[in-house]
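Just so you know, these numbers use all the heavy atoms, side chains as well, and skip hydrogens, waters and symmetry mates. Labels below follow one simple rule: chain letters A, B, ... track the order of the sequence lines, proteins then strands, and each chain is numbered from 1.
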Amino acid sequence: MLEVQGLNAWYDESHVLHGLDFEVREGEVVTLLGRNGAGKSTTLKSIMGLVPRREGSIKFRGEELVNARPDIVGRRGIGFCPENRGIFAGLSVTENLLLPPIVAPGGMTIDEIHTLFPNLKERARSPGTKLSGGEQQMLAIARILRTGAKLLLLDEPTEGLAPVIVQQIGLMIAEIKRRGFTVLLVEQNFRFASKLADRHYVIELGQVVDMIPNHELGARMGELQKRLGV
Amino acid sequence: MVMIFGKPLPLLFGQLLLGIINGSFYAMLSMGLAIIFGLLNIINFAHGAMFMVGAFVAWGLFTYLGIGFWAALVCAPIIVGVFGLLLERAFIRRIYKLDILYGLLLTFGMAQVLQGLATNYFGSSGVSYNAPNALSGVLKLGFMYLPVYRGFVVVAAIIICFVTWFAVEKTRLGALLRAATENPSLVQSFGVNVPRLIALTFGAGVALAALAGVLAAPLYSVNPDMGAQLIDTVFAVVVIGGMGSIGGAILTGFGLGIIEGFTDVFYPQGSAVVVFVVMAIVLLARPAGLFGKVA
């Protein structure tokens, strides 16, 4: 579904990604693991066209997107949930939810979303940023479920959340997967990732240094912990 | 005769009307400025010039093409809005990444060019433009006489302000606009062509100034400086109301028009500066403006 080859990316003069290679197949949950500053978030932003200078190849369903503008990437059916959640303070919960335009048929309906996230219905009229951190995270994910985007890029959805909320987010992502969405997940918390993902890519200094299928994760835990410095 | 604070009642009502009319223009112009500033982060110094161009376009439509006031109310804003859109595509979009001062200088330069051209072709004394016959005459209200056109301007301004406020605060397009004001790149990643949204917003803000210009044409002399005279006060209104708040711009516009009108009765020497005195006091007490969000 998504093939990234030899991806390089720069912010101004600083060269952040150095020839990244990985792929995500339809229906998978794939994580990018790595230390702070390894280039995980930059990878997601590069796919979305949000990093000013990119080279290499980003193919989504066979179409080259490495030079595409962010709105074109979004229109092709990739949904993005950014690191800081990107909830708009000037918009109500419902306005936040309805903001992203429908880009393809087959997205979830508002009723389905409200069943999955009852809180968003109860607090429909509150300003988006008055929600708790966990609710904001759910809103940020929910609003890209209704657009018809089939590949979701989630940047650290558990960051700064209490363990019980992290568990809820985990259940949500499992449900999303069950419904046929494909997820590329950036995570620091690999215990969380191990419960959801099919495969893990380990990123170091802007390169993919390893790929671990989830069933090998237990056996290679020591090696991974060393890599991630935990 | 009924007196209030030693002033005859008809005089007070007359000044109230004058204040509301001036306030109508402050509100319509500061609203456009607030929208443009919110999304483009450009302090549009050419806003007064666009107001003036709107009035001249209405005059030109009538003088050269025989197109009257009602059609001009629709045509002139579209013409000036498209002109604004072209200016945005050709010049303004090049400076979004630069310091806010560049936008101010660029639009200030545009205003000078437009005013210079208008002076060159029409002279500084200006031209006259008549209200349509349907709106001529005077209504006798008992406590005062109300020229019909003035009443029309107030009603039109209130409708224009409400529609604009509604469009920005209550519609889906407005939600996109507000979201793009906060985080344009995220909105763009959702599949929205944000550069186009920005260009159209500038065009719409400028069209709003032109619409105000058409409404002003029968009231004031249509001259190259008509916008420049107004825009100083309008900027003070925007500062008092708080940059980027539509509702704030509207309320402050009408409120200051009325304050200015009454100052003219009770302390005529102060009427030209009262808005700026209010601005100074508001800035001391609430630097973000009355309705502005504290950053």
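- In B:F276, the CZ atom is crowded: over 12 heavy atoms of neighbouring residues, nucleotides or ligands sit closer than 6.0 Å.
- Within the 4.5 angstrom heavy-atom criterion, atoms from both the backbone and the side chain of B:R178 approach chain A.
- Other residues, nucleotides and ligands place more than 12 heavy atoms under 6.0 Å from the CG atom of A:L171.
- The minimum heavy-atom distance between B:R172 and A:P100, with the atom names listed, is NH2-C, 4.1 Å.
- The line from CZ of A:R85 to CG of B:L186 is 13.5 Å long, rounded to the nearest 0.5 Å.
- In terms of heavy atoms, B:A179 sits closest to A:L99 at CB-CD2, 3.5 Å.
- Using a 4.5 Å cut-off between heavy atoms, A:I72 makes no contact with chain B at all.
- By the neighbour-count criterion of 12 heavy atoms within 6.0 Å, atom CG of A:D12 is sparsely surrounded, having that number or fewer from other residues, nucleotides or ligands.
- More than 12 non-hydrogen atoms from other residues, nucleotides or ligands lie less than 6.0 angstrom from CZ of A:F22.
- In this structure, the portion of A:I87 lying under 4.5 Å from any heavy atom of chain B is its backbone and not its side chain.
- Summarising the local packing, NZ of A:K121 is surrounded by 12 or fewer heavy atoms from other residues, nucleotides or ligands at distances under 6.0 Å.
- Taking both residues in full, the closest heavy atoms of A:L50 and B:S189 are given as CD1-CB, 4.2 Å, listed atom of the first, atom of the second, then distance.
- Of the two parts of A:A149, neither the backbone nor the side chain holds a non-hydrogen atom closer than 4.5 Å to a non-hydrogen atom of chain B.
- Neither the backbone nor the side chain of A:R76 comes within less than 4.5 Å of any heavy atom of chain B.
- For chain B, no part of A:V73 is nearby; none of its heavy atoms comes within less than 4.5 Å.
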Check the pair A:I144 / B:F190 against side-chain contact (heavy atoms from CB on, under 4.5 Å), numbers first and verdict last. CA-CA 8 Å; A:I144 52 176; B:F190 289 148; 3.9 Å; yes
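- If you take CG on A:N84 and CG on B:N183, they are separated by 7.0 Å, rounding to the nearest 0.5 Å.
- For the pair A:G90 and B:E182, the tightest heavy-atom approach, listed with the atom from each and the gap, is N-OE2, 2.5 Å.
- Other residues, nucleotides and ligands contribute over 12 non-hydrogen atoms within 6.0 Å of the OH atom of A:Y11.
- Separating the NZ atom in B:K170 from the CD atom in A:E95 is a distance of 7.5 Å, to the nearest 0.5 Å.
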